[in-house]
**Student:** 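Below you'll find the structure I mean.
Throughout, protein chains are lettered first and strands after them, A, B, ... in sequence-line order, and every chain is numbered starting at 1.
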Amino acid sequence: AQKVTQAQTEISVVEKEDVTLDCVYETRDTTYYLFWYKQPPSGELVFLIRRNSFDEQNEISGRYSWNFQKSTSSFNFTITASQVVDSAVYFCALSESNSGYSTLTFGKGTMLLVSP
Amino acid sequence: KAGVTQTPRYLIKTRGQQVTLSCSPISGHRSVSWYQQTPGQGLQFLFEYFSETQRNKGNFPGRFSGRQFSNSRSEMNVSTLELGDSALYLCASSTGTGQGYNEQFFGPGTRLTVL
């Protein structure tokens with residue numbers, strides 16, 4: 001069965017520090033997508049990034065970057081020069097082709113606290 | 001384009017009662033998925049509806065049910081509420097055409113408290 005593990009429950013950093021959120025996933029599917037979502041205190045899930053299983057190229061988008069490694073089933077997310085507004089719970093999620101990509105399996109989340 | 005809307009935003013019920021939550025997807029979206037978020041279990045998939053038919057179902061008891069109307073609006077119902085049903089219920093909509101991944105857009109959620 002599919003599974004997503006976020007080992008870090010809470011991370012505290014000072015503004016301007018870089019922070020990496022870890023995510024390890026399990027799936028038997030060969031075709032899947034991985035995501036990172038942000039959930040601020042308001043509760044709404046905000047989509048950040050998506051990656052499909054065929055593309056291991058790591059990219060940078062503004063202050064966000066990710067490191068996708070199929071060999072270790074990891075999909076880590078880095079925020080560069082963190083800001084107080086980055087404080088939120090971050091979720092890693094997996095969507096598989098065998099569910100028609102219509103369901104998301106989430107990790108338990110990592111709470112990021114960025115202090116001034 | 002209006003986003004996903006959920007009503008009500010907050011709800012307080014007592015054990016044994018039933019509750020109905022509503023989700024209006026983004027215009028043109030035919031798929032609606034429901035998720036339950038609790039501190040202990042995290043975010044868990046409940047079910048997904050596409051064109052008025054349940055297409056996928058998570059591992060929840062039969063007390064949790066849903067439906068989708070012809071205008072794609074969806075409702076979920078929880079009967080015989082238990083304390084453990086207290087949660088944030090999120091709905092997400094997508095085009096749902098199934099040709100590869102269809103991005104899901106989440107609503108603000110309904111926070112249900114069971115006393």
**Student:** Do A:Y37 and A:Y33 belong together in a cluster built from hydrophobic side chains that touch within less than 4.5 Å?
**Tutor:** yes
**Student:** Flag yes if A:F47 and A:Y32 sit in one hydrophobic cluster, no otherwise; membership is Ile, Leu, Val, Met, Phe, Trp, Tyr, and two members link when side-chain heavy atoms are under 4.5 Å apart.
**Tutor:** no
**Student:** Tell me whether B:N71 at atom CG has more than 12 heavy atoms from other residues, nucleotides or ligands lying less than 6.0 Å away.
**Tutor:** yes
**Student:** Using a cut-off of 6.0 Å, state whether more than 12 heavy atoms not belonging to A:K16 lie near its atom NZ.
**Tutor:**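 No, the 6.0 Å shell around NZ holds no more than 12 heavy atoms from other groups.
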**Student:** Heavy-atom distance under 4.5 Å to chain A: side chain of B:Q104, backbone, both or neither?
**Tutor:**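 When you check distances to chain A, atoms from both the backbone and side chain of B:Q104 fall under 4.5 Å.
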**Student:** Below 3.5 Å, can you tabulate the donor-acceptor pairs from side chains in residues 8-15 of chain B to any protein atom, sequence neighbours excluded?
**Tutor:**
unit_1 : atom_1 : unit_2 : atom_2 : d
B:R9   : NE     : B:G109 : O      : 3.1
B:T14  : OG1    : B:Q17  : OE1    : 3.2

**Student:** How about B:F45 and A:F106: are their ring centroids closer than 6.0 Å?
**Tutor:**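 Distance test on ring centres: not under 6.0 Å, no.
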**Student:** Select one option (side chain, backbone, both, neither) describing which atoms of B:S33 are under 4.5 Å from chain A's heavy atoms.
**Tutor:** side chain
**Student:** Between B:L43 and A:L45, is there a side-chain heavy-atom distance shorter than 4.5 Å?
**Tutor:**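 The answer is yes; the side chains approach within 4.5 Å.
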**Student:** Assigning hydrophobic clusters by single linkage (Ile, Leu, Val, Met, Phe, Trp, Tyr; side-chain heavy-atom cutoff under 4.5 Å), is A:I11 placed with A:V24?
**Tutor:** no
**Student:** If Ile, Leu, Val, Met, Phe, Trp and Tyr residues are connected whenever their side-chain heavy atoms lie under 4.5 Å apart, and connections chain through other members, are A:V114 and A:V89 in the same group?
**Tutor:**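 No, it is not one cluster - the side chains of A:V114 and A:V89 are not joined through contacts under 4.5 Å.
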**Student:** At their closest point, which heavy atom of B:F106 faces which heavy atom of A:L104, and how far apart are they?
**Tutor:** CZ-CD1, 3.9 Å
**Student:** Given a strict heavy-atom distance threshold of 4.5 Å, which part of A:T103 is in contact with chain B: side chain, backbone, both, or neither?
**Tutor:**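 Both parts, heavy atoms under 4.5 Å.
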**Student:** Decide whether B:V32 and B:L90 are clustered together by the hydrophobic rule: side chain heavy atoms of Ile, Leu, Val, Met, Phe, Trp, Tyr closer than 4.5 Å, transitively.
**Tutor:**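 As far as the 4.5 Å side-chain criterion goes, B:L90 and B:V32 are not connected within one cluster.
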**Student:** Quick check: closest heavy atoms across B:E103 and A:R50, and the distance to 0.1 Å?
**Tutor:**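 That would be OE1-NH1, 3.6 Å.
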**Student:** Under the side-chain contact (heavy atoms from CB on, under 4.5 Å) rule, what do B:V4 and A:E44 come out as? Steps first, then yes or no, please.
**Tutor:** CA-CA 10 Å; B:V4 178; A:E44 190 164 346; over 6 Å; no
**Student:** At a 4.5 Å cut-off on heavy atoms, which part of B:Q37 comes close to chain A: side chain, backbone, both, or neither?
**Tutor:**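 Contact with chain A: side chain only.
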**Student:** Side chain from CB out, backbone as N, CA, C, O: work out which of these in B:L88 comes under 4.5 Å of a heavy atom of chain A, or both, or neither.
**Tutor:**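 The side chain, not the backbone.
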**Student:** What part of B:F47 gets within 4.5 angstrom of chain A, counting heavy atoms only: side chain, backbone, both, or neither?
**Tutor:**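 Contact with chain A involves no heavy atom of B:F47 at all.
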